[in-house]
J.: 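After the structure tokens below, expect a handful of questions from me.
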Amino acid sequence: DEGGAFWSAGAVEEDTPRHHGRWYLTLRPAAAEHTLLALPEVRWQSSTSARRTLETMSEFELRRRLRIAQLRMELPVVQM
């Protein structure tokens with residue numbers, strides 16, 4: 001990230017009855033293995049397609065997605 005911390009990108013399978021788009025993007029800091037940032041709008045059909053996409057994603061795109069996830073974590077939750 002911009003601060004020099006190392007992150008890893010992965011995919012997690014959502015527990016859902018639908019058969020398409022079950023896998024979504026996650027980002028995890030190397031220094032805090034129990035922290036997981038999710039980007040559920042980035043989805044794949046299978047773990048194979050997720051892995052293939054992540055292996056070919058540019059560093060710029062991964063950093064952009066990380067920044068989006070970090071900004072979401074900073075936003076206050078509004079109760080309705």
Side-chain angles (χ1 to χ4, degrees):
D1 66 13
E2 294 172 355
F6 289 98
W7 290 73
S8 62
V12 172
E13 185 176 17
E14 181 179 19
D15 184 20
T16 179
R18 86 171 166 261
H19 67 279
H20 63 282
R22 294 174 65 117
W23 295 83
Y24 61 91
L25 177 61
T26 59
L27 300 161
R28 181 184 313 265
E33 290 187 23
H34 298 292
T35 301
L36 188 69
L37 303 182
L39 288 148
E41 68 274 14
V42 181
R43 293 189 169 269
W44 297 282
Q45 298 288 89
S46 68
S47 62
T48 303
S49 60
R51 184 174 42 256
R52 183 178 55 244
T53 302
L54 291 170
E55 287 173 354
T56 60
M57 247 184 197
S58 69
E59 185 176 327
F60 176 84
E61 181 64 15
L62 288 168
R63 285 177 183 263
R64 186 177 78 81
R65 298 290 182 169
L66 174 59
R67 187 67 188 136
I68 290 168
Q70 288 172 324
L71 286 170
R72 283 186 190 160
M73 295 297 292
E74 294 172 6
L75 293 175
V77 176
V78 177
Q79 298 293 329
M80 299 299 259

J.: For Trp44 and Ser49, work out which heavy atoms get closest and say how close.
T.: CB-OG, 3.4 Å
J.: For Arg43, check side chain to side chain donor-acceptor pair (under 3.5 Å) against everything at least two apart and list the hits.
T.: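 Arg43: side chain to side chain donor-acceptor pair (under 3.5 Å) contacts with Glu14.
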J.: If a pair satisfies salt bridge (charged side-chain N to carboxylate O under 4.0 Å, His left out) and one of its residues is in residues 56-66, list it, with sequence neighbours excluded.
T.: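 Non-adjacent pairs meeting salt bridge (charged side-chain N to carboxylate O under 4.0 Å, His left out): Glu59-Arg63, Glu61-Arg64, Glu61-Arg65.
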J.: Among residues at least two apart in sequence or on other chains, which ones pass side chain to side chain donor-acceptor pair (under 3.5 Å) with Arg52?
T.: none
J.: For residues 21-30, which residue pairs qualify under salt bridge (charged side-chain N to carboxylate O under 4.0 Å, His left out), counting only residues two or more places apart or in two chains?
T.: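 Only Glu13-Arg22 qualify under salt bridge (charged side-chain N to carboxylate O under 4.0 Å, His left out).
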J.: Please name all residues satisfying salt bridge (charged side-chain N to carboxylate O under 4.0 Å, His left out) with Glu41, sequence neighbours left out, ordered by chain then number.
T.: Arg72
J.: Between Ala9 and Leu25, what is the shortest heavy-atom contact and its length?
T.: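 Closest pair (atom of Ala9, atom of Leu25, distance): CB-CD1, 4.3 Å.
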J.: List the atom of Ala38, the atom of Tyr24, and the distance in Å for their closest heavy-atom pair.
T.: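 Reported closest heavy-atom pair: CB-CE1, 3.8 Å.
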J.: Consider only side-chain heavy atoms of I, L, V, M, F, W and Y, link residues closer than 4.5 Å, and tell whether Val42 and Val12 are in one cluster.
T.: no
J.: Not counting sequence neighbours, which residues clear side chain to side chain contact (heavy atoms under 4.5 Å, CB included) with Ala69? List them please.
T.: Leu27, Leu37, Leu39
J.: Hydrophobic clustering (ILVMFWY, side-chain heavy atoms < 4.5 Å, transitive) - are Leu66 and Phe6 grouped together?
T.: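 Different clusters.
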J.: Could you see if Met57 belongs to whatever hydrophobic cluster contains Ile68? Use Ile, Leu, Val, Met, Phe, Trp, Tyr and a side-chain cutoff under 4.5 Å.
T.: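 Linked within one cluster.
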J.: State the OG1-CH2 distance between Thr35 and Trp7, to the nearest 0.5 angstrom.
T.: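 Taking OG1 in Thr35 and CH2 in Trp7, the distance rounds to 7.0 Å.
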